[in-house]
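Below you'll find the structure, written out as structure tokens, and then a few comments.
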Amino acid sequence: MIRSKVDPSKTGPGSVYPGMAAEDSFRDYVAARLVGLSRAAYLLTGDRHLAEDLVQQALVQVASRWEKIAAGGDPDPYVRRVLYHQHVSWWRRRRVVDRPQAEPPDTAVADRVSDKDTELTVRQALRRLTPRQRAVLVLRYFEDLTEVQTAEVLGCSVGTVKSNTRDALARLRATAPELEDLRGAR
Amino acid sequence: MSDRLLKEIADEMPPVRLPDDLWAAGRRLRQRRRFGYAVAAVAVLVLVVALPGLAAHRRAALVPADGRGAVPSGVDLPHFWQAKVGQWPAGPGGPAALVFYTGKTRYFESTGVAVGVSGSYRLIYQDIGEGSGLLTPDGRYYVRPGLRMLDLTTGEERQVAGDPILGQPLAFSPDGTELLVGVSNDDGVIVYGDDAVPDNDPDKPDDLVAVDLRTGARRFVAVGRLNSYTAAAWSPDGTRIAVEGPVGRGDTGRRLSVMDARTGEPFWSLDVPLTQGLAGPGAWSPDGRQLALFAFDGCTNTCDQAGYLARSWRVEQVDAATGLPRGEAAVALRGEPGRAIGWRDGRDLVFTYLPDPGGEPRTTLVALGPAGRLDTLVDTPAGVSGLEVAADLVEVGAYGGPVPHPSIWAAPAWAYLLAAAPVALVVWIVRAVRRRRQRRV
């Protein structure tokens with residue numbers, strides 16, 4: 001999750017990092033958000049290497065405009081926009097080629113053995129969604145954003161978010177009935 | 001399952017490893033972006049500054065409010081990449097106000113340049129050894145030797161109906177329908193004159209043919225009579241034709257004659273010295289009473305450079321009814337006259353003119369005013385070696401049009417590709433480098 005704030009002591013009027021050198025404040029922000037950004041990227045791309053590339057490129061973009069972003073207050077909305085737009089842009093430019101699925105990480109949770117099959121199914125189902133549909137699902141159900149917030153991040157209307165969500169869930173249900181209870185989510 | 005399942009899948013992802021120069025990469029990106037903005041701003045600025053100029057250039061056509069057009073008061077040399085008549089995507093330049101010849105083109109040989117009444121510049125490629133053609137009175141066609149008609153409004157070229165005529169176009173009839181052509185009857189063997197200069201075979205005199213450009217019909221006006229026809233002029237009413245050409249073995253004599261335009265019956269013929277000749281297709285005065293001749297003092301056939309430059313030229317007038325001098329004093333010229341094009345205000349002979357025969361070739365259009373004053377009607381840059389002017393514009397005295405400048409955009413497609421290639425290469429390199437950096441990051 002990337003919604004947590006950095007050290008609240010660093011927030012202040014006009015900037016979340018008043019008085020700090022730009023590079024230091026950027027490093028602080030990245031350190032605080034990296035885990036959440038990495039996970040969101042992983043859900044978006046379904047591939048660890050692509051997720052790594054996505055996060056790195058997004059952060060380079062953020063670094064190139066950091067002073068303005070930091071001066072505007074909370075950097076999260078902008079960073080999120082960069083990440084998700086970058087992802088969709090990759091897909092449009094067909095930069096994302098099919099890669100062999102990465103090996104399951106060594107840090108797999110031990111007591112999730114029973115859920116392994118379900119996770120595999122879900123992963124495969126996610127892979128069948130369009131980038132925009134994946135983005136909508138990740139924003140809504142992983143980042144817990146409202147439809148309005150999701151629309152702001154993706155730069156589209158709330159109606160588009162709703163239709164994308166509906167289509168994504170329909171497709172997921174078709175391939176992964178285990179996700180039936182997602183219907184009741186916000 | 002649901003949100004939890006997504007979170008559990010996400011938990012598999014360890015924090016991304018970030019390069020040490022992440023911040024520096026962002027700074028570099030910012031610099032590149034700012035550079036791009038600067039380039040774009042400059043490009044926009046250039047466009048904003050240049051567009052009104054370009055638009056004004058387009059508006060600077062030679063067509064005044066009455067829509068009739070005018071002979072421009074000057075011309076420029078065409079750009080190296082100037083399109084030919086009809087060449088895509090520039091297209092044809094429309095009816096021409098004039099055609100001039102210059103070797104300062106990408107062909108490095110004498111090339112015709114049609115200057116449209118709209119201010120356009122288009123090249124007319126000339127084959128090796130091809131002589132000058134004639135511009136039809138309305139400026140729509142350029143007629144090449146061999147009677148190939150280049151339509152300046154479409155770029156299409158067609159052969160006048162019938163067998164090709166190997167001869168030099170000489171003069172259009174006043175109504176523009178017929179063209180006088182001197183048809184060579186010499187065989188392929190060169191006949192050498194007494195001075196070892198190749199000349200026309202006096203045993204095979206040429207014919208004078210009037211060709212109807214609309215139908216290709218040919219009418220023999222005169223058969224034989226002259227070794228060749230070097231100049232011709234129609235009377236303004238179209239009833240008489242004045243011709244001039246060499247006679248005798250070795251082209252040692254010259255004959256001037258006026259004949260009936262329909263029957264070819266000569267009204268009079270005069271043998272004149274080699275130093276005298278009909279001024280050109282515009283030699284006949286508008287009132288039909290006099291003919292203009294160009295004459296010079298100096299060396300004739302065997303002429304070295306110094307002798308050639310030492311010639312002194314003058315304009316003479318003879319009675320069109322008799323061929324005899326009218327008693328008016330000849331007007332001396334400092335430079336060398338070319339061909340008479342017409343008359344200004346019914347009084348002043350208009351002709352092409354080499355103001356400085358000893359210098360770099362430059363042919364202008366001048367009018368011989370009262371007291372021998374020469375008024376330059378069309379000024380040209382050095383390198384212009386000949387001029388043709390649409391007779392309709394000359395007839396109405398429409399001179400002094402604005403000087404058109406050749407458009408840099410009137411270029412063939414290959415010029416655009418050539419210009420775009422370096423830009424495309426730079427863009428490709430920049431994108432390739434950027435992609436590589438992004439992958440590295």
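Each chain gets a letter, A, B and so on, in the order the sequences are listed, and its residues count up from 1. What you see below is based on every heavy atom in this structure, not just the backbone, and it leaves out hydrogens, waters and symmetry mates.
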Under a 4.5 Å heavy-atom cut-off, does chain B meet the side chain of V62(A), its backbone, both or neither? neither
Kindly give the heavy-atom pair with the smallest separation between S38(A) and P14(B), and that separation in Å. CB-O, 3.7 Å
Testing the basics here: between Q56(A) and P19(B), what is the closest heavy-atom pair and its distance to 0.1 Å? NE2-CD, 3.8 Å
Any donor-acceptor pair under 3.5 Å linking the side chain of R48(A) with the backbone of V16(B)? no
Write down the atom of S64(A), the atom of G26(B), and the distance for their closest heavy-atom approach. CB-O, 3.1 Å
Between E67(A) and R30(B), what is the shortest heavy-atom contact and its length? OE1-NH1, 3.3 Å
Got a sec: does the CD of Q159(B) have more than 12 other heavy atoms crowding it under 6.0 Å? yes
Locate the shortest heavy-atom distance separating A10(B) from F142(A); write the atom from each residue and the value. CB-CE1, 3.5 Å
Straight-line distance of L18(B) CG to L34(A) CG, nearest 0.5 Å: 5.0 Å
Is the number of heavy atoms from other residues, nucleotides or ligands under 6.0 Å of W428(B) CH2 greater than 12? no
Residues Y42(A) and E12(B): closest non-hydrogen pair is OH-OE1, 3.2 Å
Contacting moiety of R27(A), where chain B heavy atoms sit under 4.5 Å: side chain
